[in-house]
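To keep things clear, I will list the structure first and then write my remarks on it.
As the structure is a computational prediction, the values presented were derived from the model and not from experiment. In what follows, chains carry the letters A, B, and so on, assigned in the order in which the sequence lines appear, proteins first and then strands, with residues in each chain numbered from 1. What's counted below: heavy atoms across the whole structure, side chains too, no hydrogens, waters or symmetry copies.
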Amino acid sequence: MTRKGKRLTLIIGALAALGLAAGLMLFALRDNIVFFYTPSELTTKTIPPGARLRIGGLVKEGSVVKNGKDVAFAVTDRTKDLNVSYTGLLPDLFREGQGVVVDGVLNPDGAFRADSVLAKHDERYMPKDVADKLKAQGVWQGEKK
Amino acid sequence: MIWIVFALMTGAAVMAVLAPLASRRGTSDDKVADIAFFEAQIAEIDRDRAEGRLDASDAETARTEAARRLLRAGAAPQATATLSRKTPLIAALAAILFIPALALSLYFRLGAAELPDMPLAARLDAQPERTDLAGAVARIEQHLHEHPDDGRGWEVVAPFFLRTGRGEDAIHAYAEALRLLGATAERHAALGEARMIVADGKVTPAAKQDFEAATALDPANVMARYYLAIAAAQAGQKEKAIEQFERLAADAPPDAAWLDAVKAQLATLRGEAAPVATAPATSNPPDSEQGRAIAAMPAGEQQKMIRTMVARLADRLAKNGDDVEGWLKLIRAYSVLADTEKAKQAVGDAHKALATNKGDIARIDALAKELGVGG
Amino acid sequence: MIVETGHYALVLALALALVQFAIPFVGARLNDAALMRVARPAAIAQFAFIALAYGALTYAHVVSDFSLVNVIENSHSLKPFIYKISGVWGNHEGSMLLWVLVLSLCGALIALFSAAIPDRLRADALAVQGLIGAAFLLFILLTSNPFARVSPAPWEGRDLNPILQDPGLAIHPPLLYLGYVGFSIVFSFAAAALIGGRIDAAWARVVRPWTLFAWIALTLGIAMGSYWAYYTLGWGGFWFWDPVENASLMPWLAGTALLHSAAVMEKREALKIWTIFLSILAFSLSLLGTFLVRSGVLTSVHAFASDPERGVFILAILVFFIGGALALFAIRAGALPTGGLFAPISREGALVLNNLLLSASCATVVIGTLYPLALEALTGEKISVGAPFFNTVLIPIALPLAALMPIGQMLPWKRGDLVAALQRLRIAFVLGVLAAAGFAAAFGTPFLSVVTAGIAIYLIIGGFSDIAQRIALRTTSLWSRLRGVPLSAWGTSIAHAGMGLTLLGLAATGWGVETIVEMKPQQSYDVGPYQLSITAITPRNGPNYSEIYAEMEVRKNGVTLAHIEPAKRFYQARKMARSEAGIVTHGLGQIYAAIGDSHPDGAIDARLYYKPLVTLIWIGALVMAFGGACSLADRRLRIGVARRTPATALPEAAE
């Protein structure tokens with residue numbers, strides 16, 4: 001091959017690899033991102049069935065019902081409530097009136113089926129705007145200033 | 001003393017820059033470094049070949065390539081660095097002026113050279129009259145850390161914890177006192193009250209157990225009886241609460257200061273006044289006969305007294321604001337009383353009153369930052 | 001006095017950093033030897049002063065000097081000694097001070113071990129290093145001063161976040177910083193090369209040991225952070241694709257690519273411009289990570305600082321250095337002499353492919369991390385990009401990359417024969433397929449785990465095939481044959497095998513068992529091949545917490561293997577609960593138990609995991625770092641030796 005030819009092969013190879021990576025990424029971004037809403041935002045959106053969502057707010061006081069490993073509670077942003085069901089262990093810091101973030105799917109009946117529940121101060125992170133909201137409502141003391 | 005150290009440090013920094021500027025040592029140039037690099041590379045290949053790490057053909061290819069690069073480096077134009085006399089002098093002067101000027105001007109803005117180190121151990125050993133109440137508490141804490149079996153110490157320090165908002169520590173201290181000094185009705189009642197205050201006035205099951213233990217030891221213990229009645233009220237057992245308060249009122253000596261509190265609770269329960277179900281921590285608690293128990297009550301009288309003193313201090317500062325210690329005391333006091341708004345306002349007022357004195361303002365700001373009441 | 005001395009030392013270090021930038025830089029432009037010489041003592045003195053400042057801050061923490069705001073907010077007089085030391089960097093101000101300490105250490109290392117480098121290159125590199133140092137020192141002094149004082153001093157501090165009171169945290173950040181900031185050396189040399197316009201094999205030779213050094217530290221730092229998360233967070237997860245974790249992965253991927261492209265540049269003078277670009281990129285991503293963690297744009301467990309003023313300052317530093325370096329690159333790169341060419345099927349070609357795949361992975365992580373931030377800033381829409389995204393994109397990139405690694409090792413420089421290389425790998429290939437079949441028989445699905453495990457075995461064996469065949473081919477004694485293999489070739493094989501081990505550990509996560517049960521005392525619960533039972537549930541008091549712990553017995557086939565004590569702790573001072581997992585390592589796998597709420601009937605909620613081969617994830621990282629260390633120890637790459645005997649490039653070595 002000529003010098004030019006070799007260089008061309010290289011460049012084409014590189015472009016092909018990058019194109020593949022970009023394609024993969026776009027595909028993954030379309031299918032695998034999780035939108036984050038508060039209960040009131042949820043009511044203003046049309047959610048495609050089966051879409052994964054992340055909902056943040058406070059655990060409504062008096063809403064937690066435990067039945068073995070099944071738990072039902074409501075997430076509230078003090079404007080709207082959303083009923084959530086979950087099976088499994090609740091995080092250490094899950095408490096009524098405290099901040100919570102749930103991941104899962106919205107059922108057709110309007111209830112939310114969570115497959116993961118993160119509590120305030122949980123080891124995994126709390127989205128900033130939930131924290132902001134909680135701070136604004138004076139619920140969050142913050143770990144540090 | 002500290003300025004001598006600073007001067008020495010500045011001198012060292014300047015010398016680090018001056019030394020190479022003063023030296024007239026020769027210099028290598030790029031070409032020489034390159035030639036040295038490739039010559040060494042070739043020598044290394046030969047050595048590896050001799051030691052059998054490379055086979056002949058590999059060594060030959062490598063050698064040829066390195067030699068080619070060596071030739072190219074040798075053919076490059078000479079680029080020896082110059083040794084001028086003037087430029088180092090200018091650079092040296094610039095360094096001598098710049099380093100101390102920048103370091104000192106920045107340090108004067110940021111540093112606090114007049115503040116000595118304050119290791120905690122040394123402060124605890126210092127003369128007591130130079131320290132405040134908080135210092136005394138710190139000293140007792142230190143003592144308790146070393147002698148955790150000193151029940152008296154726990155008992156003395158517990159109310160201070162409670163008053164400064166360290167509820168969990170107070171519970172721990174009361175519990176330790178109870179454990180080490182033996183159970184009395186007063187100790188049980190005090191522990192229960194601490195638990196209750198930590199729980200924002202709710203009589204938790206643990207607190208209730210404490211009060212029950214207290215009445216078991218001394219059926220006449222006023223504080224425990226009072227809070228048990230509150231517990232009944234909180235649990236929705238209105239009749240029981242009323243009955244207990246009534247008996248408490250009946251047992252009271254006519255001049256007991258806590259009688260009013262009991263009467264107020266009764267009135268609330270009977271629906272005679274606005275139904276405020278549970279606010280024992282803020283309403284006046286009963287004034288029991290035991291002096292020590294009174295000291296342990298953070299809620300009523302003491303808060304009131306502190307507030308009066310703080311109000312007096314605020315008045316004085318409003319008239320004559322040129323008193324940085326006063327302002328610091330006031331901000332701290334508001335913060336202890338959990339009155340963040342007033343504390344913030346005091347920070348603002350102090351700024352206005354002390355505007356001419358940068359050092360004082362800095363102290364106010366530092367305190368405000370520490371207490372989290374900065375504007 | 002010690003405290004204020006430290007404070008003044010920090011200010012002096014700033015002045016020296018500026019001098020370290022200005023005088024050598026001017027000297028290099030004027031070609032003045034004396035001015036250029038200033039760089040070395042200035043760099044060493046700057047390091048000495050920052051070390052003094054750091055020592056003073058440590059002293060203040062150790063003696064509980066509560067006249068420092070930093071000590072008040074992050075210490076407690078009764079905190080154990082070790083956490084008084086680690087608490088120095090367990091907070092924003094202290095960790096930034098550690099950052100510049102490591103940065104200035106890198107500067108001092110360049111100054112000490114660079115006698116073989118041309119004066120101008122060294123002067124420019126140290127000037128850039130000085131400028132970075134000055135920017136961060138200014139950041140510390142103006143927005144995050146650890147020496148801020150308070151008078152009168154309070155009597156007690158507020159203690160360190162309990163999650164951070166852990167031995168894992170004591171070593172994790174310094175290692176991570178050594179890696180992050182170690183790339184600053186490479187960055188400075190790249191900038192210096194662009195300024196000076198000289199980029200050749202000798203440059204790559206200078207840069208490679210530093211790259212390796214930073215890469216080793218970063219590898220260890222990431223592995224340690226991941227293990228720390230695994231055992232303290234109580235979820236049994238070791239990687240959450242948390243932006244803070246991604247922040248350390250991005251420079252690692254770029255650094256790994258750089259390590260390989262620098263090899264091509266040193267041996268063959270090819271890929272010069274690309275190598276320079278990667279050098280800039282690796283440190284830029286470190287800066288980006290620092291920005292993400294320190295600015296408070298993210299809120300996560302690691303982000304113990306949030307202050308918009310600081311964020312804007314770091315953003316300015318970030319834009320200045322990345323923008324400046326890329327602008328310099330754009331202006332100068334075109335003027336650089338192009339390097340040698342090579343056939344697509346060759347060691348060089350394989351390394352180019354490696355670089356492409358690594359860069360694509362790196363870009364994926366960058367986009368996955370920044371996209372949610374950008375989207376939120378632009379549209380207000382909040383999304384989270386988590387494991388599904390990264391898995392979808394990275395697995396199809398990582399598996400081919402792993403499959404290609406041994407092939408690349410088999411190809412000679414310049415021109416290679418693919419068929420011959422594949423033939424030499426047939427044993428590894430066959431063993432990989434057999435292993436995959438074996439795993440499939442033993443564990444069954446998922447398919448992805450079986451394939452990944454097969455590739456991992458092939459990678460481990462393939463990595464050593466080259467060395468094995470070299471030794472087998474020769475006729476001399478075994479000892480001299482072993483001696484004949486350069487250390488750096490061992491390093492390559494070991495590091496690649498380490499990658500294989502990690503891959504195997506990751507594949508095995510698919511075979512793990514996770515159960516959530518309500519455990520009753522004395523009753524046995526199956527977790528994979530193991531049985532767990534609780535013998536007692538007891539409360540207990542620690543120094544600054546109270547806890548409920550379960551005594552659990554772990555059995556297999558009726559034989560008791562171990563007792564563990566998973567606990568649920570409550571820290572009174574900060575009112576925080578935290579799970580303490582009970583972990584047993586058996587073989588290469590682990591049994592992991594975490595407990596939750598207790599029930600009135602004496603039962604307790606528990607999360608039980610069986611994680612086969614999980615330890616390989618971290619063992620693999622240790623092996624990778626060890627491989628890196630072998631390469632670094634190779635005579636030709638040894639940093640210190642370079643001063644006395646400028647070393648040489650060996651053509652045969654397989655990096």
Check: Where does the angle between the aromatic ring planes of B:Phe6 and C:Tyr8 fall among parallel (under 30°), tilted (30 to 60°) and perpendicular (over 60°)?
Finding: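 Judged by the thresholds at 30° and 60°, the geometry between B:Phe6 and C:Tyr8 is parallel.
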Check: Side chain, backbone, both or neither: which part of B:Ala113 has an atom under 4.5 Å from a heavy atom of chain C?
Finding: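 Backbone only.
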Next item on the list: Would you mind checking which part of B:Val17 comes under 4.5 Å of any heavy atom in chain C, side chain (CB onward), backbone (N, CA, C, O), both or neither?
Entry: both
Structural part of [X] lying under 4.5 Å from a heavy atom of chain B:
X        : value
C:Ala39  : neither
C:Ile2   : both
C:Val69  : side chain
C:Leu35  : both
C:Phe147 : neither

Checklist line | Distance (rounded to the nearest 0.5 Å) between C:Leu16 CG and B:Phe98 CZ | finding: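 Going from the CG atom of C:Leu16 to the CZ atom of B:Phe98 covers 9.5 Å.
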Note to self: Donor-acceptor pair, distance only, cut-off 3.5 Å: does the side chain of C:Glu4 make one with the backbone of B:Ala112?
What the structure shows: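 Judged by distance alone, yes, a pair lies under 3.5 Å.
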Margin query: With a strict 4.5 Å heavy-atom criterion, list every residue of residues 45-52 of chain C that contacts chain B, or say none.
Written below: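 Within residues 45-52 of chain C, near chain B: C:Ala45, C:Phe49, C:Leu52.
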Checklist line | salt bridge (Lys or Arg N to Asp or Glu O under 4.0 Å) involving C:Asp65 - partner list, sequence neighbours excluded | finding: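 Here no residue qualifies.
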